[in-house]
Amino acid sequence: MKRITALLTLAFLFGLTPFGRAQELDCKVNIVTTKVTSGDKSVFETLSTVLNQFMNGRRWTNLNFRPQEKIPCSMTIDVQEYNSGNGQVKAYLSVQLRRPCYKSTYTSLLLNTVDKDFSFTYVQNDPIEFSDNSIGTNLTATLAFYAYLILGNYFDSFAPRGGSVFYEKANNIVLQAQGLSEQGWRSSERNERNRYWISESYSNSNYQAIHEVLYRYFRLGMDMMFDDPSTARVNITEALSQLADLKRRRPNLPCIQLFMESRADELVNIFQPAEQTERQKAFDLLVSIDAANVNTYKKILGNNAR
C-alpha cells in the first residue's frame with residue numbers, strides 16, 4: 001500500500017505512470033583510472049559498459065517509468081589499486097542521487113556518500129550477475145545495495161515510509177554478504193559508516209524518524225517552496241528538529257550524515273529570506289546537527305551572526 005501511495009504521489013507531481021516502458025534508474029556509472037599506472041586499462045572500459053547496463057537495464061522494482069521519468073543518479077568508481085594479474089581492484093565508490101522539486105528546474109541532492117571499503121575482482125568479460133536471493137560477487141552486491149538505498153531514499157521523499165520495501169531489500173543483501181571476504185558488510189568492522197551500519201540506520205525502528213524527515217523535508221518542504229515558501233520553511237524546520245532529536249539519541253547515525261552531506265548551501269538559501277526569529281531557530285538547529293559547517297550556516301543570520 002505504501003508503494004502504491006508513493007507511486008500515486010509521483011504521478012501527481014511528475015506525471016509518472018505505472019504502465020510505462022522503461023526501467024527505474026538513469027544511473028551514470030563512471031570509472032576513474034588515473035591512479036592506475038600499469039596493466040591494460042581497457043578492461044575498465046568494458047567494465048564501465050557492463051555496469052551501466054547492469055544498473056540501468058535491470059528492473060529493480062515492479063513499477064515502470066517512462067524514459068523521461070527515470071531517477072537521476074550517479075556512481076563513480078575511483079580505482080585506487082589494480083592488480084592486472086588477478087583482476088583485484090580497490091576503489092572508492094561515490095554515490096549521488098538528485099531529486100526534482102515540484103514546479104522548479106531545481107534538483108536537490110537527496111543522497112551523497114563515498115564508500116571507501118569497496119574492493120572486487122574483475123577480469124575481461126566476467127559475467128555480471130545478481131538476484132535478490134543470490135547476490136553474486138562483492139561488485140554486484142555493493143552496486144545493488146546502493147541501488148536499493150537510492151530507491152528507498154527517493155520513495156521516502158514522496159510518501160511516508162514509501163521506501164520501506166527497498167531498505168528491506170538492501171538489508172537482505174547485507175545479511176547474505178556476511179559470507180563474503182571483502183570489507184564493508186559487518187558490524188565488527190572499524191568503519192561505523194559501512195554498508196552494515198548504513199542499512200541498520202534506515203531499517204532499525206528506533207531510528208524511524210529519518211523516514212519522516214525525508215518526507216517532510218522534500219514533499220512538504222522543497223515541493224511546496226514555489227507555491228507557499230513560508231509553510232515550506234516551517235515544514236523543513238520541523239524536519240530539522242526531528243533530525244536534531246535523532247542526533248541527540250545517536251550522534252554518529254549514518255542516515256543523518258548521508259542526509260546532511262553537501263546540504264549546507266541549500267539550507268542557507270532556504271532560510272535567508274525568512275524572518276529573524278525563524279532564521280535564528282534554523283541556525284541553532286543546524287549547528288546542533290552539523291557543527292562542522294557553522295561558518296556556512298552563519299550566512300543565514302546575515303549581519304546578526306554571532
Side-chain angles (χ1 to χ4, degrees), residues 25 27 29-41 43-55 58 60 73-97 111-152 166-203 252 254-255 257-258:
L25 300 181
C27 185
V29 182
N30 181 43
I31 301 179
V32 178
T33 59
T34 53
K35 294 183 178 68
V36 177
T37 57
S38 62
D40 184 3
K41 294 201 289 186
V43 65
F44 292 108
E45 296 177 8
T46 303
L47 182 59
S48 176
T49 299
V50 297
L51 291 184
N52 273 282
Q53 175 60 32
F54 174 70
M55 294 301 299
R58 175 184 168 81
W60 298 98
C73 53
S74 66
M75 294 183 176
T76 300
I77 299 172
D78 188 354
V79 178
Q80 305 296 303
E81 300 176 22
Y82 172 54
N83 186 328
S84 59
N86 58 17
Q88 289 189 345
V89 178
K90 291 184 178 180
Y92 295 164
L93 175 63
S94 302
V95 180
Q96 283 195 343
L97 164 65
L111 179 66
N112 185 33
T113 187
V114 179
D115 187 333
K116 295 186 176 182
D117 287 330
F118 186 41
S119 60
F120 58 91
T121 300
Y122 179 79
V123 297
Q124 194 77 266
N125 300 319
D126 266 357
I128 301 296
E129 298 175 341
F130 172 84
S131 73
D132 288 328
N133 297 317
S134 179
I135 60 174
T137 66
N138 194 56
L139 173 61
T140 53
T142 301
L143 266 60
F145 171 84
Y146 283 110
Y148 285 132
L149 189 65
I150 284 169
L151 289 164
F166 305 115
Y167 298 124
E168 291 171 6
K169 287 179 177 290
N171 193 56
N172 181 54
I173 293 174
V174 172
L175 293 175
Q176 293 185 70
Q178 297 304 297
L180 295 176
S181 61
E182 292 89 349
Q183 296 288 299
W185 299 108
R186 285 167 283 276
S187 62
S188 58
E189 296 170 10
R190 287 186 176 184
N191 184 0
E192 295 183 353
R193 190 170 152 174
N194 68 7
R195 280 158 248 138
Y196 176 92
W197 291 114
I198 288 174
S199 177
E200 202 265 348
S201 71
Y202 284 104
S203 58
N252 296 320
C255 61
Q257 299 170 10
L258 268 58

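The first residue of the sequence shown is numbered 1, and numbering continues consecutively from there.
- Minimum interatomic distance between I198 and R193 (heavy atoms only, all atoms of both residues): CD1-O, 3.5 Å.
- Considering CG of N133 and CG of N172, their distance stands at 7.0 Å, rounded to 0.5 Å.
- The closest donor-acceptor contact from the side chain of Y92 to the backbone of D78 lies at 3.5 Å or more, if one exists at all.
- Minimum interatomic distance between S199 and V174 (heavy atoms only, all atoms of both residues): CB-CG2, 3.8 Å.
- The two residues R195 and T142 have their closest heavy-atom pair at NH1-OG1, 3.6 Å.
- Considering only heavy atoms from C-beta on, V79 stays 4.5 Å or farther from K35 through its side chain.
- Atom CG of N171 sits about 11.5 Å away from atom CG of L149, to the nearest 0.5 Å.
- Q178 contributes atom CD, which lies 12.5 Å from atom CD1 of I173 (distance to the nearest 0.5 angstrom).
- Between V29 and I77 the shortest heavy-atom distance is CG1-CD1, 4.5 Å.
- Of all heavy-atom pairs between T33 and K41, the closest is O-NZ, 3.4 Å.
- Here the side chain of E81 pairs no donor or acceptor atom with the backbone of Q88 at under 3.5 angstrom.
- Atoms CG and NZ, on N194 and K116 in that order, are 14.5 Å from each other to the nearest 0.5 Å.
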Evaluation steps, side chain to side chain contact (heavy atoms under 4.5 Å, CB included), between L51 and F44: CA-CA 10 Å; L51 291 184; F44 292 108; over 6 Å; no
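- Here the shortest heavy-atom pairing between G87 and V123 reads CA-CG1, 4.1 Å.
- Looking at D40, its side chain never comes within 3.5 Å of a backbone N or O of S84 through a donor-acceptor pair.
- Proximity of T121 to T137: side-chain heavy atoms (C-beta onward) are nowhere separated by under 4.5 Å.
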Step-by-step side chain to side chain contact (heavy atoms under 4.5 Å, CB included) determination, E129 to T140: CA-CA 7 Å; E129 298 175 341; T140 53; 5.9 Å; no
Chi angles and distances behind the side chain to side chain contact (heavy atoms under 4.5 Å, CB included) call for Q257, N252: CA-CA 7 Å; Q257 299 170 10; N252 296 320; 4.0 Å; yes
Candidate pair L258 and Y202, rule side chain to side chain contact (heavy atoms under 4.5 Å, CB included), full reasoning: CA-CA 11 Å; L258 268 58; Y202 284 104; 4.0 Å; yes
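- Separation of atoms CZ (F54) and CG (L47) is listed at 11.5 Å; rounding is to 0.5 Å.
- Figure legend: cation-pi geometry between R58 and W60, with NZ or CZ positioned under 6.0 Å from the six-membered ring centre and within 45° of its axis.
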Audit row: D115, Y146, side-chain hydrogen bond (donor to acceptor under 3.5 Å, both in side chains) steps and yes/no: CA-CA 10 Å; D115 187 333; Y146 283 110; 2.7 Å; yes
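- Using the six-membered ring where Trp is involved, F145 and W185 have ring planes that are perpendicular, over 60° apart on the 30 and 60° scheme.
- Atom NZ of K90 is separated from atom CD of E182 by 11.0 Å, given to the nearest 0.5 angstrom.
- Y122 has its side chain within reach of V50: a pair of non-hydrogen atoms, C-beta onward, lies under 4.5 Å apart.
- When the shell of 6.0 Å around CD of E189 is examined, it contains more than 12 heavy atoms from other residues, nucleotides or ligands.
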